[in-house]
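When a ligand or atom number is given, it counts from 1 through the structure's own listing order.
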Amino acid sequence: MPMIYFDNAATSWPKPPAVRAALDEYFGEAGGNPGRSGHRMSVAAARIVENAREVLAALFNASDPSRILFTHNATHALNLALYGLLRPGDHVLTTSMEHNSVMRPLRHLEGLGVEVTVIACTPDGRVDLEAVRRAIRRETRLLVTTHASNVAGRLNPVGDLAALAREAKIAHLVDAAQTAGSVPIDVRETGVDLLAFTGHKGLLGPTGTGGLYIRDGLTLAPLLRGGTGSDSAHETQPEFLPDAHESGTLNLAGIAGLGAAVRFLLEIGIEAVRAREQNLVAQFLAGASDISGITLYGPKDAALQCGLVSFNVGGAVPSEVGLILDESFGIMARTGLHCAPSAHRTLGTFPTGTVRFSFGWFNTPAEVEKALEALRQIAVWAAREAAVSHQEAVKTWTA
Ligand SMILES: Cc1ncc(COP(=O)(O)O)c(C=O)c1O
């Protein structure tokens, strides 16, 4: 049975061949620790890191590559931004569609005296800009919003939210975990202050990579302090970027792979990636809306969502549907709460969650068609199961 991978929102697969080649090249030819030694292998490793920083800056149209900081993933980048900016007495605004990598640090910060307001989104995951505007007050320091929900797929109007934040003189942090590499992002045009991204999803790089863009003029307290290979005569943390936030040896092999992945994407063009994913979503939505028993969540409009779709099949438990998709049809999907309980409460799918298909550059219309055929069969099964359990219930009741 050929395998169909529809779990690119968890981590993308496959990676471009250039990513594997870059890992090989790093271990074979670079291999040193940048900034720590002056020998050629250390210099070669430094070149790989700086090249990856440059292509990421180009991808997001950042003015200066040193404002791209490498982290282990989006979670690390979000924590760096949130703990680096917020202090007791500050007020922070966010939305009910956020991932736990935003919610959990915010709930922890709440315990330390930061006030948190969660703006309730509509049941299809839309944030009301006026509600955000009304919630801003004198102590508000930060607005945190996802670029696209990992549950509903809905894209937030990042430019409008950034403009609103700028007008109110508060910072705007965007969680681009689901969009970096698959939806165009221009930090200068939108005016985003902080952009957290992960390297292993749409950016097609290895796990253990990610980063944070910080706008010019904004400073953050470091999350970690330690050796940077720079300013080594001092026992205090350097204040210049990127070193201020890159203590300890970086994931050099991972960054080598990430750099190669971004070069691959820049060659294709992010608009082309977006168009491909949008077409797959449109194809899925059109097919699934004709299947009796399928409930779709989110905007149900490919133009308004990133490359993922969330749904349920009749009354079947999502994890059961996921198991059938894998075992009987070779389709890899994610099921459950997707680390975003608040988003599921918003959509009305808490606590069992949804089944999620997330498409990537390497998926095809033929795969979507196969998945739709699988769902047609699963929907018939789910309806039969529901009828049987209804009959059982009636029998028990009338016995
Ligand atoms: C919206 C969103 N934010 C943050 C994250 C965290 O990404 P990572 O696991 O790479 O830190 C995810 C991952 O699923 C996500 O979907």
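Ring centroid separation for the pair Tyr5 and Phe362 does not come in under the 6.0 Å cut-off. Aromatic ring centres of Phe359 and Phe6: separated by under 6.0 Å.
For ligand 1 and Thr198, the ligand atoms under 4.0 Å from any heavy atom of the residue are 8 (P), 10 (O). Less than 4.0 angstrom separates some heavy atom of Ser101 from each of these atoms of ligand 1: 3 (N), 4 (C), 5 (C), 6 (C).
Nearest protein heavy-atom neighbour of atom 15 (C) of ligand 1: His99 CD2, 3.3 Å. When hydrogens are left out, the protein atom nearest atom 7 (O) of ligand 1 is Ala74 CB, 3.6 Å; that is the closest non-hydrogen contact. Ranking protein heavy atoms by distance to atom 6 (C) of ligand 1, first place goes to Thr75 OG1, 3.5 Å. The single protein non-hydrogen atom nearest to atom 16 (O) of ligand 1 is Gln178 NE2, 2.8 Å, given as residue, atom name and distance.
Contacts between Ala177 and ligand 1, counted as non-hydrogen atom pairs separated by less than 4.0 Å, involve the side chain only.
Residue-ligand proximity: Gly210 is placed with every non-hydrogen atom at 4.0 Å or more from ligand 1. Contact annotation: Lys201 has at least one heavy atom less than 4.0 Å from an atom of ligand 1. Note on ligand 1: His200 sits in its first shell, one or more heavy atoms being nearer than 4.0 Å.
At distances below 3.5 Å, at least one donor-acceptor pair connects side-chain atoms of Thr190 with backbone N or O atoms of Asp186. Judged purely by atom type and a 3.5 angstrom limit, Gln305 uses its side chain to pair as donor or acceptor with the backbone of Asp301.
With respect to Ser310, the side chain to side chain donor-acceptor pair (under 3.5 Å) criterion is satisfied by exactly one of Thr349, Thr354, Thr295, Thr335: Thr354.
Applying the salt bridge (charged side-chain N to carboxylate O under 4.0 Å, His left out) test to pairs two or more places apart or on separate chains, none has a residue in residues 252-267.
Of the candidates Thr209, Asn79, Asp175, the one placing a heavy atom closest to atom 2 (C) of ligand 1 is Asp175.
Using a 4.5 Å cut-off between side-chain heavy atoms of Ile, Leu, Val, Met, Phe, Trp and Tyr, Val127 falls into a hydrophobic cluster with Leu93, Ile119, Leu129, Val132, Ile136, Leu143, Leu161, Leu164, Ile170.
Between Arg133 and Glu130 there is a salt bridge, since at least one side-chain N of the basic residue sits less than 4.0 Å from a carboxylate O of the acidic one.
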